[in-house]
Amino acid sequence: MSTATARITSVDTHDIRFPTSRELDGSDAMNPDPDYSAAYLVLRTDDPGGPEGHGFTFTIGRGNDVQVAALDALRPYLLGRSVAELCADPGALHRELIGDSQLRWLGPEKGVMHMAIGAVTNAVWDLAAKDAGKPLWQLLADAEPEWLVSQVDFRYLSEELTPDEALELLRRGREGRPEREARLRATGYPGYTTSPGWLGYSDEKLTRLAREAVAEGFTQIKLKVGADLADDIRRCRAARAAVGPGIRIAIDANQRWDVPEAIEWTKALAEFDPYWIEEPTSPDDVLGHAAVRRGVSPVKVATGEHVQNRIVFKQLLQAGAIDVLQLDAARVGGVNENLAILLLAAKHGVPVCPHAGGVGLCELVQHLSMFDYLALSGTVEDRVIEYVDHLHQHFTDPVVMERGHYRAPTVPGFSAEMHPESIATYTFPDGVFWAADLAGAESEA
């Protein structure tokens with residue numbers, strides 16, 4: 001059997017959780033004890049030798065079962081579908097999924113159901129890239145601009161971005177691509193690291209990890225802030241002393257503040273020369289972000305990891321509310337919606353510095369930034385991808401960092417595939433790790 005005749009025969013879903021809360025990895029002012037998790041799916045076909053499609057969305061523990069239930073609700077849309085048709089036009093499935101009137105009522109186009117649609121859409125793109133024998137960044141960069149435009153849903157965007165404008169941006173973005181691709185393959189895409197900055201870490205651990213980050217070639221680190229101002233001043237002082245004046249330090253409040261508090265707190269940390277303040281307030285508060293931006297300049301304002309769809313990103317850009325756009329590979333409706341967001345950012349000239357970390361987000365988002373560099377924005381100036389140094393070992397094609405840069409993936413697909421052993425071990429609650437953990441807790445009780 002060939003891909004031309006293959007069909008989707010099963011959609012396997014998994015509730016995968018990692019006990020990161022026990023070392024306080026990922027801890028911040030709003031999320032003090034996250035267990036990094038993935039609502040994970042595998043698209044299997046009736047072609048024994050053909051590729052599978054892997055996708056997921058990221059959560060932080062409790063509620064991952066709810067996210068898996070949303071994935072399960074989409075199974076009927078996938079079973080029996082032609083693999084060739086899905087790979088030729090992922091946008092058709094994407095529009096069908098967001099158009100289900102009854103499931104759409106749960107959003108519309110936001111929240112748990114929209115994240116599930118993103119995971120499914122991303123799994124189809126993983127399947128398409130594997131079928132084409134290319135890593136996703138290359139599949140997108142090689143695609144004709146007209147086809148890429150056909151993958152974007154312009155509903156609710158047309159007063160700000162039309163298909164003709166998108167086509168012109170993509171045609172212009174291809175100019176000089178061969179030289180950029182050679183540089184990308186040789187040196188990679190710049191990253192920054194959040195690994196030193198988790199809120200639960202001691203000052204000694206922060207200092208050690210910050211110095212190690214600089215030695216590894218990173219030119220930017222990020223610290224979590226927002227729980228206690230005196231602690232933040234002390235930690236920022238320690239970080240600045242560790243890295244020196246030439247390294248950028250971003251700070252991230254994870255939505256902790258009201259608008260006036262965001263301005264006051266950021267100003268109190270200004271002596272440490274923060275490069276940006278991230279998620280200073282609610283991700284839905286467009287005008288609040290604009291007020292913060294006016295109030296904290298020259299510190300930049302960044303947000304996006306919890307922005308729920310392309311429409312809110314459109315408004316943030318229209319309102320001049322952000323200096324840095326932080327799209328997330330698994331929060332919105334997958335690759336198709338992120339293409340729209342990248343196009344909006346390119347039109348406004350706002351740099352995209354994606355949110356990553358979590359479970360597999362680094363693996364996914366590198367492809368989007370590399371496509372953006374090669375075929376849309378054409379630059380890496382003031383553009384970096386977040387990097388966190390844990391959980392990569394669970395993926396069959398993990399990110400590779402060299403001298404603070406993401407190496408361009410070479411394996412076909414979206415880098416989303418997890419090792420079967422990791423799935424078996426960390427599936428909740430019956431996987432090997434969790435079954436033993438729960439048994440141990442019961443014996444101690």
Side-chain angles (χ1 to χ4, degrees), residues 1-13 40-57 70-104 109 113-155 163 166-167 170 310 329-330 332-340 342-343 364 367-368 371 375 411-417:
M1 181 175 293
S2 69
T3 300
T5 58
R7 293 188 176 275
I8 303 295
T9 55
S10 68
V11 181
D12 299 340
T13 59
Y40 189 86
L41 78 148
V42 183
L43 305 179
R44 304 188 193 277
T45 79
D46 54 6
D47 180 3
E52 301 170 343
H54 294 247
F56 57 86
T57 191
L71 293 178
D72 290 336
L74 298 174
R75 184 176 284 112
Y77 280 100
L78 294 157
L79 293 177
R81 296 292 283 256
S82 162
V83 172
E85 291 177 6
L86 286 174
C87 293
D89 187 10
L93 176 68
H94 176 77
R95 286 186 289 272
E96 189 175 340
L97 293 177
I98 64 173
D100 181 301
S101 63
Q102 295 180 19
L103 293 177
R104 180 180 173 81
E109 295 187 60
M113 187 52 62
H114 200 49
M115 291 166 69
I117 289 170
V120 168
T121 301
N122 284 343
V124 170
W125 282 96
D126 180 57
L127 184 63
K130 288 174 178 173
D131 185 58
K134 299 177 180 181
L136 182 75
W137 64 264
Q138 187 175 6
L139 176 73
L140 293 172
D142 287 347
E144 291 298 322
E146 292 81 1
W147 184 79
L148 289 171
V149 170
S150 78
Q151 295 301 300
V152 174
D153 184 355
F154 289 92
R155 183 170 48 179
L167 185 58
L170 288 163
R310 65 199 183 284
V332 300
V335 170
N336 299 77
E337 190 161 25
N338 271 317
L339 287 173
L342 287 169
L343 285 161
L364 296 188
H367 291 271
L368 301 176
F371 156 74
V411 175
F414 202 177
S415 306
E417 185 170 344

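The structure displayed is predicted, hence computed values, not measured ones. The first residue in the sequence is number 1, and the count goes up from there.
- Using a distance-only test at 3.5 Å, with no hydrogens or angles considered, no donor-acceptor pair links the side chain of Asp46 to the main chain of Ile8.
- No hydrogens or angles considered: a donor-acceptor pair under 3.5 Å links the side chains of Asp100 and Tyr77.
- In terms of heavy-atom proximity, Phe154 sits nearest to Val149 at CE1-O, 3.6 Å.
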Quiz item: Are Arg7 and Val83 close enough, and set up right, to give a side-chain contact (heavy atoms from CB on, under 4.5 Å), and what steps lead you there?
Solution: CA-CA 5 Å; Arg7 293 188 176 275; Val83 172; 5.5 Å; no

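- Here the side chain of Lys134 pairs no donor or acceptor atom with the backbone of Gly413 at under 3.5 angstrom.
- Within the 4.5 Å cutoff, the side chain of Val411 has no heavy atoms near those of the Ser415 side chain.
- Closest non-hydrogen pair, Leu74 versus Met113, comes out as CD2-SD, 4.2 Å.
- The existence of a salt bridge linking Glu96 and Arg81 is confirmed by a sub-4.0 Å separation between a basic side-chain nitrogen and an acidic carboxylate oxygen.
- The shortest side-chain heavy-atom distance between Val11 and Val42 does not fall under the 4.5 Å cut-off.
- Distance alone, capped at 3.5 Å, is enough to place a donor-acceptor pair between the Ser150 side chain and the Trp147 backbone.
- The two residues Ala119 and Leu71 make their nearest non-hydrogen contact at CB-CD2, 3.8 Å.
- Between Glu417 and Lys130, some side-chain heavy-atom pair lies under the 4.5 Å cut-off.
- Residues Val124 and Pro90 come closest through the heavy atom pair CG1-CB, 4.0 Å.
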Quiz item: Under the side-chain contact (heavy atoms from CB on, under 4.5 Å) criterion, do Leu78 and Leu93 qualify, and how do the steps go?
Solution: CA-CA 9 Å; Leu78 294 157; Leu93 176 68; 3.7 Å; yes

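- Rounding to the nearest 0.5 Å places OG of Ser10 at 7.5 Å from CG of Leu79.
- Closest approach of Pro135 to His367, counting heavy atoms only: CB-CE1, 4.0 Å.
- Atom CD1 in Ile117 sits 11.5 Å away from atom CG in Asn336 (nearest 0.5 Å).
- Of all non-hydrogen atoms in Leu364 and Ala416, the two that sit nearest each other are CD2-CB, 3.8 Å.
- The main-chain N or O of Ala330 is found under 3.5 Å from a side-chain atom of Thr57 such that the two form a donor-acceptor pair.
- The structure places CG of Leu343 at 11.0 Å from CG of Asn338, a figure rounded to the nearest 0.5 Å.
- Rounded to the nearest 0.5 angstrom, Phe371 CZ and Leu339 CG are separated by 5.5 Å.
- Of the possible polar contacts, none joining the Asp126 side chain to the Gly53 backbone as a donor-acceptor pair under 3.5 Å is found.
- For Thr45 (side chain) and Asp47 (main-chain N/O), a donor-acceptor pair under 3.5 Å exists by modelled atom type.
- In this structure, OG on Ser82 lies 11.5 Å from CG on Asp89, to the nearest 0.5 angstrom.
- Residues Val332 and Met115 fail the side-chain proximity criterion, which asks for heavy atoms closer than 4.5 Å.
- Within the 4.5 Å cutoff, no side-chain heavy atoms of Asn122 are placed close to those of Phe56.
- Looking at Arg310, its side chain does come within 3.5 Å of a backbone N or O of Asp153 through a donor-acceptor pair.
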Practice problem: With side-chain contact (heavy atoms from CB on, under 4.5 Å) as the test, would you mind laying out the steps for Leu103 and Ile98 before giving the verdict? | Solution: CA-CA 8 Å; Leu103 293 177; Ile98 64 173; over 6 Å; no

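- Taking the six-membered ring where the residue is Trp, the centroids of Phe414 and His54 are separated by 6.0 Å or more.
- Shown are Glu337, Arg104, Glu109; of these, the side chain to side chain donor-acceptor pair (under 3.5 Å) with His114 is made only by Glu337.
- When atom types are taken as modelled, the side chain of Gln151 and the backbone of Gly91 share a donor-acceptor pair closer than 3.5 angstrom.
- Rounded to the nearest 0.5 angstrom, Leu86 CG and Leu43 CG are separated by 8.0 Å.
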